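Since the structure comes first, as structure tokens, the remarks are kept for the end.
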Amino acid sequence: MRKQYDLELDELNTLLIKMAATVEQAVADAMMALKNRDKDLAISVSKNDRDVDRMERHIEDMCLMLLLKQQPVAGDLRFISAALKIITDLERIGDHAQDICEISLTMDDKPLSVTTDLITRMFEESTAMIKMAVDAFITKDEDLATQCINHDDVVDDLFVQVREKLIHKLQNGQDDPEESVDLLQIAKYLERVGDHAQNIGEWVVFSLTGHHKDYLGVETFGV
């Protein structure tokens, strides 16, 4: 029984890693579609979001089956409980990649008039957070998970810079106002990607320690 149980836990771990890699690629493709004005790639990302949704449902079913059939305790229970939370955040990251693509598809094919250097940096930092969170989950590295959590401040600061820059352009009648609004929304989606990666980092810490910090920074206790 224990051998089969361990195999099922390993499979759950593998599926989580696969889902994380899929959403990380979705965000990368969404930004590439925006940068290159590539409508075909944007459409592909939107279509592939259904695969992420299917992964979430499959992993959720596995977690519930393990909870009901195996009645895990201690570390295994924390791992499965954290997995249920992590897949929700991964699914939302996939949704935000799709959101970026949907905005990109409504924009003109012409090259962007507003420089996207800060937005590109937001993409790089938010996807780095996804990688840190997933690597921390794989390697059971609490320090790396904490590093991911703290890195959200970098993404938040970049979003503030993007917002101030675009608002300034709008107030002064510079560039295309519709494009500026679209880019501000895209920046907000990337900021949310960072938030979800931070959530994953927090659930990794919970899976390792049984402790979780809520959004007010108050430490709570789990199992």
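All figures in this text were calculated on a predicted structure; none of them were measured in a lab. Heavy atoms only: backbone and side chains are in, while hydrogens, waters and symmetry mates are out.
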| query | Is any side-chain heavy atom of Leu41 less than 4.5 Å from a side-chain heavy atom of Asn36? | reply | no
| said: Quick check for you: to the nearest 0.5 Å, what is the distance between Gln98 atom CD and Ile103 atom CD1? | reply: 11.5 Å
| request: Tell me, with the steps shown, if Phe206 and Ser81 meet side-chain contact (heavy atoms from CB on, under 4.5 Å). | output: CA-CA 9 Å; Phe206 167 79; Ser81 300; 4.3 Å; yes
| field | Non-hydrogen side-chain atoms of Phe137 and Ile200 separated by less than 4.5 Å | value | no
| field | Evaluation steps, ring pair (Phe, Tyr, Trp, His ring centres under 6.0 Å), between Tyr189 and Phe123 | value | CA-CA 10 Å; Tyr189 285 136; Phe123 155 71; over 10 Å; no
| Quick one: do Ile167 and Val160 end up in the same hydrophobic cluster if we chain Ile, Leu, Val, Met, Phe, Trp and Tyr together by side-chain heavy atoms under 4.5 Å apart? | no
| query | Any side-chain heavy atom of Leu15 within less than 4.5 Å of one from Met55? | reply | no
| said: How long is the straight-line distance from OG1 of Thr14 back to CD1 of Ile59, given to the nearest 0.5 Å? | reply: 10.0 Å
| query | Going by heavy atoms in the side chains, are Ile100 and Leu190 under 4.5 Å from each other? | reply | yes
| field | Enclosure of Lys39 NZ (heavy-atom neighbours >12, cutoff 6.0 Å) | value | yes
| query | Rounded to the nearest 0.5 Å, what separation is found between the CG atom of Asp135 and the NZ atom of Lys131? | reply | 4.0 Å
| request: Using modelled atom types only, decide if a donor and an acceptor are shared between the side chain of Ser44 and the backbone of Asp40 within a distance under 3.5 Å. | output: no
| field | Residue list, salt bridge (Lys or Arg N to Asp or Glu O under 4.0 Å) with Asp76, at least two apart or on another chain | value | Arg2
| request: Apply salt bridge (Lys or Arg N to Asp or Glu O under 4.0 Å) to Asp89 and Arg92, showing your working. | output: CA-CA 5 Å; Asp89 284 299; Arg92 291 301 296 142; over 6 Å; no
| query | Is it true that Tyr5 and Leu67 fall in one hydrophobic cluster, defined by side-chain heavy atoms closer than 4.5 Å? | reply | yes
| query | Is any side-chain heavy atom of Lys47 closer than 4.5 Å to a side-chain heavy atom of Ile43? | reply | yes
| task | State the CG-CE distance between Asn150 and Met132, to the nearest 0.5 angstrom. | result | 9.5 Å
| request: Look at the side chain of Asn172 and the backbone N and O of His168, then say whether any donor-acceptor pair between them is shorter than 3.5 Å. | output: yes
| query | Taking the side chain from Asp141 and the backbone from Asp143, do they hold a donor-acceptor pair closer than 3.5 Å? | reply | yes
| query | Looking only at heavy atoms, which two atoms of Ala187 and Val162 are closest? And how far apart? | reply | CB-CG1, 3.7 Å
| Inter- and intrachain pairs under ring pair (Phe, Tyr, Trp, His ring centres under 6.0 Å), touching residues 12-52, at least two apart | none
| task | Grab the two heavy atoms, one from Leu90 and one from Met19, that are nearest each other, plus how far apart they are. | result | CB-CE, 3.8 Å
| field | Reported CD1-to-CG distance for the pair Ile138 and Leu16, which is rounded to 0.5 angstrom | value | 9.5 Å
| said: Is there a continuous path of hydrophobic side-chain contacts, each under 4.5 Å between heavy atoms, that joins Met107 to Leu118? | reply: yes
| said: Please evaluate residues Asp29 and Gln25 with respect to the criterion side chain to side chain donor-acceptor pair (under 3.5 Å), reporting the C-alpha separation (whole Å), side-chain torsions for both, the decisive distance (0.1 Å), and the verdict. | reply: CA-CA 6 Å; Asp29 288 344; Gln25 186 61 51; 2.9 Å; yes
| Quick one: are Thr88 and Lys85 in side-chain contact, heavy atoms under 4.5 Å? | no
| query | Same cluster or not: are Ile86 and Val52 linked, directly or through other Ile, Leu, Val, Met, Phe, Trp or Tyr residues, by side-chain heavy atoms under 4.5 angstrom apart? | reply | yes
| Heavy-atom neighbours of Glu178 CD exceed 12 at 6.0 Å | no
| said: In this structure, would Val134 and Phe79 fall into the same cluster of hydrophobic residues linked by side-chain contacts under 4.5 Å? | reply: yes
| note | Between Leu208 and Arg78 the two heavy atoms that sit nearest each other are O-NH2, 3.6 Å
| said: Using only atom types and a distance under 3.5 Å, with no angle test, would you say the side chain of Arg37 pairs donor to acceptor with the backbone of Asp108? | reply: yes
| request: Can you establish whether the number of heavy atoms outside Met65 located under 6.0 Å from its atom CE is more than 12? | output: yes
| Rounded distance [0.5 Å steps], CG in Asp152 versus CD1 in Ile149 | 10.0 Å
| said: Listing request: all side chain to side chain donor-acceptor pair (under 3.5 Å) pairs with a residue in residues 52-66, at least two apart in sequence or in separate chains. | reply: Asp51-Arg54
| query | Can you list the steps and then say if Leu144 with Gln147 is a side-chain contact (heavy atoms from CB on, under 4.5 Å)? | reply | CA-CA 5 Å; Leu144 184 58; Gln147 183 182 342; 3.7 Å; yes
| field | Heavy-atom pair of closest approach, residues Ala133 and Cys148 | value | CB-SG, 3.8 Å
| request: Would you name the heavy atoms of Arg192 and His96 that are closest together and state the gap between them? | output: CB-NE2, 3.5 Å
| task | Check for a donor-acceptor pair, side chain of Ser104 on one end and backbone N or O of Cys101 on the other, with a separation under 3.5 Å. | result | no
| request: Quick one: do Glu8 and Gln70 satisfy side-chain contact (heavy atoms from CB on, under 4.5 Å)? Show the steps, please. | output: CA-CA 10 Å; Glu8 290 172 348; Gln70 304 293 348; 3.6 Å; yes
| message | On a heavy-atom basis, which atom in Leu12 and which in Leu66 lie closest, and how many Å separate them? | response | CD2-CD1, 4.0 Å
| query | Hey, does Val155 have a side-chain heavy atom less than 4.5 Å from the side chain of Met129? | reply | yes
| said: So that I can tick it off, tell me whether Lys188 and Glu191 are bridged by a salt bridge, with the cut-off set at under 4.0 angstrom between side-chain N and carboxylate O. | reply: yes
| message | Side chains of Glu142 and Thr209, heavy atoms from C-beta outward: is any pair under 4.5 Å? | response | yes
| Option among Asp95, Ile130, Val23 that satisfies the side chain to side chain contact (heavy atoms under 4.5 Å, CB included) test with Val193 | Ile130
| message | Strictly distance-based, threshold 3.5 Å: is any side-chain N or O of Ser126 a donor or acceptor partner for the main-chain N or O of Met122? | response | yes
